[in-house]
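Everything quoted here is computed from the prediction, not taken from an experiment. Just so it is clear: chains get the letters A, B, ... in the order the sequence lines come, proteins before strands, and each one is counted from 1.
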There are 2 protein chains.
Amino acid sequence: MEKIQDYLNQNKERFLNELIELLKIPSVSADPAYSHDVLDAAETVKTRLLQAGCEVAEICDTQGYPVVYGEKIVNPNLPTVLVYGHYDVQPPDPLDLWNSPPFEPVIKNTELHPEGAIFARGSCDDKGQMYMHVKALEFMVRTNQLPCNVKFMIEGEEEVGSESLGEFVAQNKEKLANDIILISDTGMIGKETPSITTGLRGLSYVEVEVTGPNRDLHSGLYGGAVANPINILAEMIASLHDGNNHITIPGFYDKVDELSMEERAEMAKAPFDLTAYKKALDIDDVYGEKGYSTNERNSIRPTLDVNGIWGGYTGEGAKTVIASKAHAKISMRLVPHQDWKEITQLFKDHFEKIAPSGVKVKVTPHHGGQGYVTPIDEIGYQAASKAYEATFGKTPIPQRSGGSIPIVSLFEKELKSKIILMGFGLDSDAIHSPNEHFGVWNYLKGIETIPYFYHFFAELSKVNTP
Amino acid sequence: MEKIQDYLNQNKERFLNELIELLKIPSVSADPAYSHDVLDAAETVKTRLLQAGCEVAEICDTQGYPVVYGEKIVNPNLPTVLVYGHYDVQPPDPLDLWNSPPFEPVIKNTELHPEGAIFARGSCDDKGQMYMHVKALEFMVRTNQLPCNVKFMIEGEEEVGSESLGEFVAQNKEKLANDIILISDTGMIGKETPSITTGLRGLSYVEVEVTGPNRDLHSGLYGGAVANPINILAEMIASLHDGNNHITIPGFYDKVDELSMEERAEMAKAPFDLTAYKKALDIDDVYGEKGYSTNERNSIRPTLDVNGIWGGYTGEGAKTVIASKAHAKISMRLVPHQDWKEITQLFKDHFEKIAPSGVKVKVTPHHGGQGYVTPIDEIGYQAASKAYEATFGKTPIPQRSGGSIPIVSLFEKELKSKIILMGFGLDSDAIHSPNEHFGVWNYLKGIETIPYFYHFFAELSKVNTP
């Protein structure tokens, strides 16, 4: 790619500063207290798209937070790339575990990032990765090397389940028409080991409430004589896995796509250092479903995790109380062919059924989405693979990820195109955690690699066009 | 008792207003934010003791909150009554479930209390019940009818385990020397069914922390592959009871005092309406240890309850996180012969042992205390029984309570005297819960009954003295 290295060298500081400004906006979509900031982030993204070379950029209202749409149409006969990303971020808490405030970005060197990493909520997920595409566009436009039409669809509800995006996509099929969808909201194996995500897990996220007595009770006077909702909730949660860590919900595995031994053998070739993995997390041992390796457990197997639990007295000291209510947030990661709505219903039916008669149970579905698998013989995948080869000097490894971008399978269904997941983050970036960060090297490598994707995608499309 | 009814009628409004002023002080001992208020409550109690007729009243410093001591020595040859109570209160949360602010007392009529009940944190436990003794003293002093010496020991750490009181008692045995200890910090069966508490359960209160990975993780990338501390904590808690709701900690039941079938048959005669019990709590069914009735489960049997649990994301909306840590507060109610320190150690050993290798477990003992049984053939019990007969027109029922006043067995050990538990609260008073209240009728009935206790205790002591 002509002059990309020069362009990066000349504009590196500006690229970093622009991202830092965007990261200062606390666009937490889960908490209504931040709604003004979420809208502020949308406006900023719109402005940046116009500055980068989009001819059109607009704030598209939805039932929830708006979608920022932008486009640069070079020639209707050229292929069109649709870039998807999100400008909202996860809640930053627990705040006391951050070494620097989550919305005051700082660049610090780490062992993995001797060139520095930007520490801030959203630095990797997804403002940093989304903004690589904006800066890649700037380069291609300013150096007159944009070989495709490009459209941007940047939403503000990804961290709360993309509730409004489904309707937006369904109502704007023509506007969003494209030949390939490009997303950077995943990771790669390592800086020396580029990889492309070829699979995502689906998601079903629910909240449960267990109610015992109609008020908090004194644990001395009532303890042992009435069902304690916290104990009951613990028992109900515990019963969702058996001794082999299989999930016990009837029907849960019925539609799970079981990989062949050959496919599993292929997967097992991906570099993985169990000792380093355990050391990085400071755990004595890994834990999970019997009969599967760590890399299988977090990618090709469905899971059930409690993401939050609360009930009773949680303050300083001691309170001898039996709580009236106990709550938990529970999510299930799903694999191809598991339907998230069906799984949510199976969970609800089962959880209500296993409640003992001393309590009442309420299950509230939060959101969910289907899993997705990218076929590696598509030209989109081939173009991405060649782009990594050009900038990393290595063929990237196709990898199934454990994460979910629930909206991905909807894109394929509604827009009839394939999705390429070019992620430049690392597992150690601590997305969704305190001290989230994104390597400066990774950020610049993304900006460098993306224009090659456009180049090869345009080339391969020409070959494929009769 | 000469003129007690007249005195009550003349002073009722003042007695209520004085208690209301005391209840306005948010003396929450569990939360350091209230430390100034806790000390304020101690000062107020001291002043009230002097006003009621104590010749001496003083604030006695301890390592924690002070003990308020007061005395009125009529004649060294007369028997001495030591009154114990506490001026600290439970934390008021969850605040949003209170119908009126916890520290702005209001008198409202209820179905059970057509004469009105005082709604405030501490109204029953224990400011209201403690203050009955102060006002009973006032009556006896002003009408020249005090037949015993009287000492008051009112502490400020009962709700956090009376940590400093043990040392205070051990160092002040002479000062506290007495013939009987009188405590109103329990309840009675009903306004028409007076009862005296003859047994208390012991208590062991611990906090547990389960740590998995060294930081919060993205549940998509790690879900299923590492031990989730919340799921593990739920499993560990669930495993503490078996299918019959017996506690599974090895050795837990070894020293439990098993009642004979005769004793259990006697207990079963106490009036109890299961339908009304379930209706009052709005539960479909009771729940507990197989083979025991509700009244046995909450009095003669040991129990294990989770009093609080927390971990992960508990805010609005959804966060797909695997928490690094999960916590719970767990208390065990113990029965005679179970030693709380031994049980705490058994819990700690067992809980650490059952942790799977993917997590680390920390067990922190909070506090505890031994159970206690009052012999009903002692003159203290006889005097109390006659006092209730005089004011209720009925012989009170001796009753084992499920609650704990951990310091009670220490009093017996250090001061070599028996303890009489004359409680005037009702189960429905919602102590430790939102909307705690204490019936105006109960408050006044306590003030009326207590002087009769002094009268009969002096009388029976004379008979017993050679």
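- Ranking B:Thr186, B:Leu217, B:Val160 against chain A, the residue ahead of the rest is B:Leu217, based on heavy-atom pairs under 4.5 Å.
- In this structure, chain B has a heavy atom under 4.5 Å from the side chain of A:Arg215, while its backbone stays farther away.
- Contact annotation for A:Leu304: both backbone and side-chain heavy atoms come within less than 4.5 Å of a heavy atom of chain B.
- Of the listed residues A:Gly312, A:Ser29, A:Ala234, the one with more heavy-atom pairs under 4.5 angstrom with chain B than any other is A:Ala234.
- A salt bridge links B:Glu436 with B:Arg121: the distance from a Lys NZ or Arg NE/NH1/NH2 to an Asp or Glu carboxylate oxygen falls below 4.0 Å.
- Listed for the B:Asn231 side chain is no donor-acceptor partner under 3.5 Å among the backbone atoms of A:Ala238.
- The choice from A:Ala328, A:Ala326, A:Pro213, A:Ser401 that makes the most heavy-atom pairs within less than 4.5 Å of chain B is A:Pro213.
- Taking a cutoff of 4.0 Å between a charged side-chain nitrogen and a carboxylate oxygen, B:Arg301 and B:Glu296 do not qualify as a salt bridge.
- Contacts between A:His366 and chain B at a heavy-atom distance below 4.5 Å involve the side chain alone, from C-beta outward.
- Contact of A:Glu289 with chain B is made through the backbone alone, with heavy-atom distances under 4.5 Å.
- Residues meeting the salt bridge (charged side-chain N to carboxylate O under 4.0 Å, His left out) test with B:Lys319, sequence neighbours left out: none.
- In this view, B:Trp98 satisfies the ring-ring contact (aromatic ring centres under 6.0 Å, His included) rule with no residue, not counting sequence neighbours.
- Interface remark: B:Glu316 contributes backbone and side-chain atoms alike to the contact with chain A (heavy atom separation under 4.5 Å).
- For A:Leu200, no part sits under 4.5 Å from any heavy atom of chain B, backbone or side chain.
- With a 4.5 angstrom heavy-atom cutoff, B:Ser433 touches chain A via backbone and side-chain atoms both.
- A:Lys360 touches chain B through its side chain: at least one heavy atom from C-beta onward sits under 4.5 Å away, while N, CA, C and O do not.
- Using a 4.5 Å cut-off between heavy atoms, B:Ala323 makes no contact with chain A at all.
- Looking at A:Pro302, there are no atoms closer than 4.5 Å to chain B (heavy atoms on both sides), in backbone or side chain.
- Contact of A:His241 with chain B is made through the side chain alone, with heavy-atom distances under 4.5 Å.
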